[in-house]
Amino acid sequence: MPAERKALPVIDPARCTGCGWCVAVCPPHVLSLEVKAWRKTSLLHDEAGCTGCAKCAVKCPFGAITMHRQATPVVR
Ligand code: SF4
Ligand code: SF4
């Protein structure tokens with residue numbers, strides 16, 4: 001099985017406003033809004049399902065998402 005490194009979105013909860021744009025734009029629907037400490041923030045609930053396309057990071061109007069390459073290769 002081929003091994004590859006992929007980048008995953010890392011969401012900065014301090015910058016995230018809970019607007020939901022990233023959730024709407026994610027093709028495999030692996031992002032969701034989570035209510036924590038009375039505020040909504042985006043959450044990657046399915047790392048394995050994320051394709052690393054970075055559409056969420058491009059779409060976020062608040063610069064809350066950065067793509068980080070996995071430290072270890074992901075086998076899919
Ligand atoms: S688009 Fe950005 S600010 Fe909006 S919910 Fe997603 S991470 Fe948060
Ligand atoms: S990188 Fe692509 S697949 Fe992964 S959470 Fe963002 S929009 Fe969804």
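All ligand and atom numbering here is 1-based and tracks the order in the structure. If you're wondering where the values come from, they're calculated on a predicted model, not measured in any experiment.
Distances under 2.8 Å from atom 6 (Fe) of ligand 2 pick out the protein N/O/S atoms C56 SG.
With respect to atom 5 (S) of ligand 1, the closest heavy atom belonging to the protein is G20 N, 3.2 Å. Regarding atom 2 (Fe) of ligand 1, its nearest protein heavy-atom neighbour is C60 SG, 2.3 Å. Among protein heavy atoms, atom 4 (Fe) of ligand 1 sits closest to C19 SG, 2.3 Å.
Here is the list of ligand 2 atoms found below 4.0 Å of a heavy atom in P28: 3 (S). Against a heavy-atom cut-off of under 4.0 Å, G18 is close to the following atoms of ligand 1: 5 (S), 8 (Fe). Each of the following atoms of ligand 1 lies closer than 4.0 Å to a heavy atom of T17: 3 (S), 8 (Fe). Numbered from 1 in the order shown, with element, the atoms of ligand 1 that lie under 4.0 Å from a heavy atom of F62 read 3 (S). Atoms of ligand 2 lying under 4.0 Å from any heavy atom of M67, numbered from 1 in the order shown and given with element: 1 (S).
Taking all atoms of both residues into account, the shortest heavy-atom contact from L31 to L44 is CD2-CA, 3.7 Å. Summarising the geometry of H45 relative to H29, their closest heavy-atom pair is NE2-O, 3.5 Å, with the distance given to 0.1 Å. Annotation for L33 and G20: closest pair CD1-CA, 4.1 Å, computed over non-hydrogen atoms. Shortest non-hydrogen contact noted between I65 and P9 is CG2-CB, 3.5 Å.
Looking at heavy atoms from C-beta onward, C60 lies out of side-chain contact with W21 at the 4.5 angstrom threshold. With contacts defined as side-chain heavy-atom distances shorter than 4.5 Å, the pair M67/L8 does not qualify. The shortest side-chain heavy-atom distance between C19 and P61 falls under the 4.5 Å cut-off. Residues C26 and K55 fail the side-chain proximity criterion, which asks for heavy atoms closer than 4.5 Å. Side-chain contact between C53 and P27: present, with at least one pair of heavy atoms (C-beta onward) separated by less than 4.5 Å.
At least one N/O/S atom of C16, from backbone or side chain, sits under 2.8 Å from atom 8 (Fe) of ligand 1.
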Donor-acceptor contacts under 3.5 Å from residues 34-41 side chains, at least two apart:
from : atom 1 : to  : atom 2 : distance (Å)
R39  : NH1    : P13 : O      : 3.0
R39  : NH2    : P13 : O      : 3.3
R39  : NH2    : C16 : O      : 2.7

